Amino acid sequence: MATQCKDYDFTAIEAHWQDQWAQEKTFKAIDGDTQRPKYYVMEMYPYPSGAGLHAGHAENFTGGDVIARYKWATGHNVLHPMGWDAFGLPAEQYAVKTGQHPRVTTQRNVATFTRQLNKLGLAIDWDREINTTDEIYYKWTQWIFLQLYKHGLAYVSEQPVNWCPELGTVLANEEVIDGKSEVGGHPVVRKNLRQWVLRITAYAEKLLQGLEKLDWPESSKKQQAHWIGRSTGAQVVFDIEEQDAKIEVYTTRPDTLFGVTYMVLSPEHKLVQQLTTGDQRELVDAYIEAAAKKSDLERTELAKIKTGVFTGSYAINPVNGKRVPIWIADYVLASYGTGAIMAVPAQDERDWDFAETYDLPIVRTVQPPEDFTGKAYTGDGPCINSDFLNGLQIAEAKEAMIKWLEQHQRGEAQVNYRLRDWLFSRQRYWGEPFPIVFVDEAAYRKARELGGVVARDMPEETVSYEDGGQTYYALPIPAEQLPLVLPRTENYKPSGTGESPLSKVTEWVDVWFNLETGETVSRTETQPAGDAWVPASRETNTMPQWAGSCWYYLRYLDPKNTEQLIAPEIRDYWGSVDFYMGGTEHVTLHLLYARFWHQFLVDIGVLKEPEPFLRLYHQGIILGEDGEKMSKSRGNVVNPDDYIQEFGADALRAYLMFMGPLDDMKPWKTDGIKGVFRFLQKVWNEFAGRDGAVNSKVQDEGEEQKDTLKLLHETIKKVGDDMEHQRFNTALSQMMIFMNHVAKAETVQASTARAFVQLLAPICPHISEELWQRLGGEGTVAKAQWPKYDAALLESAEVKIGLLINGKPRGEAMVAKDATQAQVLEQAKADPKVAPHLEGKTVRKVIYVPGKILNVVAN
RNA sequence: GGCGGAGUGGCGGAAUGGUAGACGCAUCCGACUCAAAAUCGGACGCCGAGAGGCGUGUGGGUUCGAGUCCCACCUCCGCUACCA
């Protein structure tokens with residue numbers, strides 16, 4: 001049913017059709033529909049912040065929506081879902097500030113977002129809505145963690161971490177930018193804390209290999225590959241003079257081993273104390289203390305001047321027996337390789353800088369070219385000063401050296417990755433609790449002996465930690481006992497000590513734990529009867545925000561399943577995500593983590609497809625009207641709601657798609673939306689008319705005019721091609737050209753109008769549904785079969801071609817499509833605008849491209 | 001420093017090696033109007049009265065023909081950054 005509107009009352013029309021779609025469940029994806037090909041398209045789900053929907057969201061969701069609608073129209077069974085990434089810091093920080101519980105603010109924000117998204121007219125299957133903070137959802141987040149734990153991919157580690165005093169939490173490396181927190185920009189320092197860590201490095205190779213087959217932007221693949229950072233080289237063992245210890249280093253340049261003039265340990269290296277001699281002790285201790293206090297910002301920003309101190313000890317170079325001094329310096333990272341390096345200043349810029357500062361010797365082992373004027377030489381060349389390597393090029397020398405090291409048992413070839421294990425715990429309230437309890441050693445042993453479901457979900461290798469002389473052993477809360485519900489407490493403020501707020505909820509933390517069944521009872525109750533019940537303490541850290549987003553694309557497939565993460569037949573039907581749209585900023589975080597979990601789930605038999613996201617697409621950032629990044633402080637923020645109210649969702653959607661290529665960064669121009677609004681107004685006026693259901697120029701009987709028909713088919717072709725390649729801006733241009741023609745035509749056939757409205761529907765669905773109805777279309781335009789163009793109609797008997805003399809355009813001519821070169825040349829010679837340019841010249845050559853140009857070369 | 005992307009009218013942007021500037025915005029002229037808005041018609045790269053000349057960051061090259069291909073350079077943006 002269409003509305004009764006006379007004018008283009010977009011508010012009424014849009015509300016009407018949005019209701020209609022919701023009621024009819026027009027965009028419900030059907031599990032197991034074998035009649036139509038499936039298509040799974042999704043956008044990165046939003047974090048429901050208090051600020052509401054912004055322009056970037058609108059662009060992201062509209063872009064995905066146009067694709068979804070186009071796929072429906074071309075006969076696909078489309079899955080286009082939506083959900084909420086609702087755990088995370090901002091809700092908790094807001095709670096701390098205002099005293100409102102995160103659950104309350106989250107619910108409120110989700111309601112706001114839902115209302116805003118609906119106003120955009122998105123073709124979403126809302127029956128599959130998910131929320132990462134729902135128990136039914138995070139039960140499975142916990143379940144996946146449990147599987148990771150069981151398979152030895154989750155461990156506890158006391159390690160220096162990025163501690164942000166302001167936020168009262170630890171951050172992942174990826175959440176620290178220039179030594180400041182990504183959220184809020186607060187300073188970050190190092191602190192040792194007990195943490196859960198996921199062994200993503202075990203998947204480094206697989207994650208790298210998997211990239212090859214993905215249809216992702218090349219730059220994103222490169223970025224991820226760089227993040228994984230595979231390098232090949234050798235591990236080399238250095239003896240230490242008059243000491244029992246050995247230093248292991250990793251190097252990508254084993255060929256330069258003869259050029260080692262000193263060694264450097266990171267200040268955190270475990271051998272530092274042992275290697276420091278009495279007279280150096282004071283200096284070394286002071287240096288270590290200073291390095292520990294430095295924030296990451298200081299450590300990187302002050303990197304221009306490298307600092308370090310001598311430990312007093314010497315290492316012995318395994319290839320030539322030379323003694324080289326061992327230094328410590330914070331330009332060597334504890335977390336990469338072995339935390340120690342062999343320094344070869346002649347072939348490494350960093351080492352050169354350091355050697356220069358501290359007056360350490362430099363020995364070239366690669367002959368630089370004669371014209372080389374720089375300091376460290378990192379290019380190729382023949383080896384020198386290198387004994388048995390002399391004369392070899394770098395690649396050969398590396399091989400020879402590795403062979404030598406292996407023969408003499410002083411090292412071996414090694415592959416290294418830049419990727420670090422993933423720091424997976426947060427000292428926060430608003431996240432998924434870990435399905436873990438800690439018990440003493442006796443209880444731990446007993447759990448294994450009992451062989452219940454607890455033992456079943458235990459990893460082979462014991463996970464434990466020490467604190468105050470006591471060892472705590474981790475035991476899983478087995479799958480049967482999930483979800484482990486986040487306790488409803490008002491104690492969500494950060495403790496400030498680095499402990500999670502949950503640690504203060506003692507009635508939740510301290511439990512009786514059944515070592516066989518994994519059941520728990522608060523220790524405020526009396527101990528249940530039976531040997532299997534022991535006192536235990538829950539893990540009080542929570543999971544990071546990334547956890548829920550690692551697998552949400554799977555939950556959309558089977559959102560209400562309480563028995564399985566996903567039913568196999570549903571998994572097999574939908575497979576992987578065909579089109580995933582979101583910002584580039586998630587390439588090294590979310591997209592890598594999600595691939596890791598996905599590959600893991602494949603390995604344990606839960607999933608089959610090797611990769612989660614086959615096609616990745618990044619929408620470009622929308623800048624403010626001033627060409628600057630939108631921000632509250634600049635006051636250039638565009639609120640989509642304002643424009644929906646003033647021009648309608650269709651106009652907003654059309655403008656967002658018309659601004660320029662979807663993946664380009666581009667500035668918002670309010671005047672621009674007026675242009676597309678005029679276009680929609682024109683569509684309405686031409687087809688609906690100003691004062692009736694249909695404009696009187698729309699004809700039901702008779703034939704379409706030739707030129708209109710030709711243009712229509714050109715438009716069908718152009719829009720279809722553009723839709724396939726996400727070129728929505730040029731698709732709209734073509735539709736504007738078409739409407740400009742219709743506006744000038746005396747009449748137009750209803751069938752023509754309907755076909756046009758179909759083309760418009762993916763981008764402007766509301767006005768299209770309305771006009772489709774009025775023009776006599778059947779059912780919803782969203783699912784009407786996409787028009788086909790007739791190639792024969794695209795041809796015309798006469799074509800316009802350009803007449804060029806010596807490559808310069810001098811005129812144009814209408815000629816028969818199959819005109820010969822001679823005919824066209826005649827016409828050119830006779831053309832009053834062209835002829836003067838040929839006067840007195842001899843024609844040397846003629847190039848004729850039928851339908852395009854005739855170029856006469858003359859002098 | 002490394003990786004990636006981009007430089008086209010006043011602006012957003014179009015152009016399988018084939019008449020650069022489609023489409024839209026802004027501006028100007030005209031019609032309608034008492035007037036304005038809306039709408040419609042027209043103009044709109046730069047220089048030039050005109051013929052014409054010059055024009056896609058700069059310099060070279062390939063080609064009958066280059067925004068598009070090749071080489072060198074300049075500028076801007078994004079990401080990343082002591083990873084040995």
Side-chain angles (χ1 to χ4, degrees), chain A residues 177-178 217-223 225-227 229-231 233 249-253 256 264 266 299-300 302-304 306 329-333 335-344 347-351 353-354 378 416-420 584-585 587-588 618 620-621 623 627 629 654-655 658-661 663-676 678-679 681-682 685 690 727 729-740 743-744 800-813 836-837 844-858:
Chain A
I177 294 169
D178 289 337
E218 214 46 49
S219 60
S220 300
K221 288 208 263 186
K222 282 217 164 120
Q223 209 179 311
H226 177 250
W227 196 263
R230 184 183 201 272
S231 74
V249 300
Y250 170 74
T251 178
T252 55
R253 294 293 304 275
T256 63
V264 187
S266 66
R299 238 170 125 151
T300 52
L302 302 174
K304 282 146 210 159
K306 293 194 178 10
D330 66 2
Y331 83 91
V332 172
L333 307 175
S335 53
Y336 182 75
T338 62
I341 62 154
M342 56 180 231
V344 189
Q347 273 85 230
D348 185 287
E349 284 163 16
R350 296 154 301 180
D351 295 346
D353 287 350
F354 192 79
T378 55
N416 217 351
Y417 299 90
R418 220 181 73 114
L419 186 68
R420 310 295 154 85
T584 40
E585 68 273 22
V587 166
T588 50
H618 303 300
I621 294 168
L623 304 170
K629 216 167 175 175
Y655 177 57
F658 184 66
M659 291 169 81
D663 51 0
D664 274 9
M665 180 188 281
K666 54 226 168 235
W668 174 271
K669 298 283 174 196
T670 297
D671 277 338
I673 194 171
K674 289 182 194 160
V676 292
R678 274 178 212 152
F679 163 68
Q681 183 73 60
K682 183 179 282 183
N685 290 343
R690 283 173 197 272
R727 292 186 300 238
N729 55 331
T730 48
L732 274 162
S733 292
Q734 183 64 34
M735 289 191 258
M736 288 172 177
I737 292 169
F738 179 82
M739 282 314 299
N740 289 344
K744 286 181 178 127
K800 196 202 286 185
I801 76 162
L803 304 175
L804 286 67
I805 307 301
N806 293 330
K808 287 193 196 300
R810 298 299 179 184
E812 48 190 34
H837 295 280
R844 302 290 174 191
K845 195 172 177 182
V846 179
I847 294 101
Y848 176 51
V849 183
K852 300 279 187 185
I853 54 104
L854 178 85
N855 188 14
V856 181
V857 184

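Residue numbers begin at 1 in each chain, while the letters A, B, ... track the order of the sequences. The model shown is predicted, which means the values in this text are computed figures rather than measured ones.
Listed nucleotides: B/U19, B/A84, B/C23. Nearest to the side chain of A/Leu333: B/A84. Distances were taken from every side-chain heavy atom of A/Pro809 (C-beta onward) to each of B/A20, B/C23, B/A26; the shortest belongs to B/A20. The side chain of A/Ile847 has B/G18 as its nearest neighbour among B/C23, B/G18, B/C82. When each of B/G4, B/C64, B/C40 is scored by its nearest atom to the side-chain atoms of A/Lys682, the top-ranked nucleotide is B/C40. Relative to the side chain of A/Lys744, the nucleotides B/G41, B/A84, B/C25 differ in distance, and B/G41 lies closest. When each of B/G24, B/G12, B/G52 is scored by its nearest atom to the side-chain atoms of A/Met736, the top-ranked nucleotide is B/G24. Side-chain proximity of A/Ile853 to B/A14, B/A81, B/G18: nearest is B/G18. Candidate nucleotides B/C23, B/A84, B/G18 were compared by shortest atom distance to the side chain of A/Thr252, and B/A84 ranks first. Checking B/C77, B/C11, B/C23 against the side-chain heavy atoms of A/Met665 singles out B/C77 as nearest.
A distance of about 14 Å separates the C1' atoms of B/U68 and B/G7, rounded to the whole Å. Taking the C1' atoms as reference points, B/A31 lies 40 Å from B/G18, given to the whole Å. Nucleotides B/U63 and B/G17, compared at atom C1', are 9 Å apart to the nearest Å. Comparing B/C77 with B/G42, their P atoms are spaced 42 Å from each other, to the whole Å. One P atom belongs to B/G67, the other to B/G9, and the distance between them is 14 Å to the nearest Å. Taking the C1' atom of each, B/C70 and B/U62 are spaced 7 Å apart, rounded to whole Å. Comparing the C1' positions of B/C23 and B/A72 gives a spacing of 36 Å, expressed to the nearest Å. B/C28 sits 13 Å from B/A38 when the P atoms are compared, rounded to a whole Å.
Going from atom CE of A/Met659 over to atom P of B/A14 covers 12 Å, rounded to whole Å. Computed from coordinates, the A/Lys669 NZ to B/C11 C1' distance equals 7 Å when rounded to whole Å. A/Tyr336 has its OH atom 14 Å from the C1' atom of B/A81, to the nearest Å. At whole-Å resolution of the value, CG in A/Asn855 and C1' in B/C64 are 5 Å apart. The CG atom of A/Asn416 sits 8 Å away from the P atom of B/A84 (whole-angstrom rounding). Atom-to-atom, NE2 of A/His837 to P of B/G65 comes out at 18 Å; the value is rounded to the nearest Å. Protein atom NE2 of A/His226 is 19 Å distant from nucleotide atom P of B/G78, rounded to whole Å. Across the protein-nucleic acid pair, A/Lys845 atom NZ and B/C64 atom P stand 5 Å apart, rounded to whole Å.
Using a 4.0 Å heavy-atom distance criterion, A/Lys221 is classed as making no nucleic acid contact. Note on A/Phe679: nothing from the nucleic acid sits closer than 4.0 angstrom, heavy atoms only. In this structure, A/Glu812 reaches the bases: a heavy-atom distance under 4.0 Å links it to at least one base atom across the strands shown. As judged by a 4.0 angstrom heavy-atom cut-off over every strand, A/Ser231 is placed among residues touching the sugar-phosphate backbone only. Residue contacts for A/Ile737: at a heavy-atom cut-off of 4.0 Å it reaches the sugar-phosphate backbone alone, with no base atom in range. Heavy atoms of A/Val857 sit under 4.0 angstrom from primed sugar atoms or phosphate atoms, though from no base atom. At a threshold of 4.0 angstrom between heavy atoms, the contacts of A/Arg810 are confined to the sugar-phosphate backbone, with no base atom among them. The residue A/Ser733 sits close to a base: some heavy atom pair falls under 4.0 Å. Residue contacts shown for A/Pro661 are limited to sugar-phosphate atoms, with no base heavy atom under 4.0 Å away.
The minimum heavy-atom distance between A/Val587 and A/Ser220, with the atom names listed, is CG1-O, 3.5 Å. When all heavy atoms are compared, the tightest approach of A/Ile341 to A/Val249 is C-CG1, 3.5 Å.
Contact between the side-chain N/O atoms of A/His618 and the OP1/OP2 oxygens of B/G5 is not found at any separation under 4.0 Å. A/Lys222 has no side-chain polar atom (N or O) that falls below the 4.0 Å cut-off from OP1 or OP2 of B/C3. An OP1 or OP2 oxygen of B/A22 is reached within less than 4.0 angstrom by no side-chain nitrogen or oxygen of A/Arg727. Considering only side-chain N and O atoms, A/Asn740 lies under 4.0 angstrom from the phosphate OP1 or OP2 of B/G24. Distances shorter than 4.0 Å separate some side-chain N or O of A/Arg678 from OP1 or OP2 on B/A26. Regarding contacts with the backbone of B/A14, a side-chain N or O of A/Asn729 is found under 4.0 angstrom from either OP1 or OP2.
The pairing partner recorded for B/U19 is none, the criterion being a Watson-Crick or G-U wobble arrangement whose two distances lie under 3.5 angstrom. Pairing of B/A72, defined by two Watson-Crick or G-U wobble distances under 3.5 Å, is identified with B/U58. Taking a pair to require two hydrogen-bonding distances under 3.5 Å in either a Watson-Crick or a G-U wobble arrangement, B/A37 remains unpaired. Using N1 to N3 plus N6-O4 or O6-N4 for Watson-Crick, or N1-O2 and O6-N3 for G-U wobble, each under 3.5 Å, B/G1 pairs with B/U80. With a 3.5 Å ceiling on both atom-pair distances, B/C44 lacks any Watson-Crick or G-U wobble partner.
Using a 90° window around 0 for the glycosidic torsion, B/G9 falls inside it and is classed as syn.
Here the side chains of A/Arg253 and A/Met342 are not in contact, with every heavy-atom distance at 4.5 Å or above.
Using cut-offs of 30° and 60° on the angle between ring planes, the pair A/Tyr250 and A/Tyr336 is perpendicular.
Checking A/Asn740 against A/Lys682 by side-chain atom types alone, a donor-acceptor pair falls below 3.5 Å.
Between A/Lys852 and A/Leu732, it is A/Lys852 whose nearest contact on RNA chain B lies nearer the 5' terminus.
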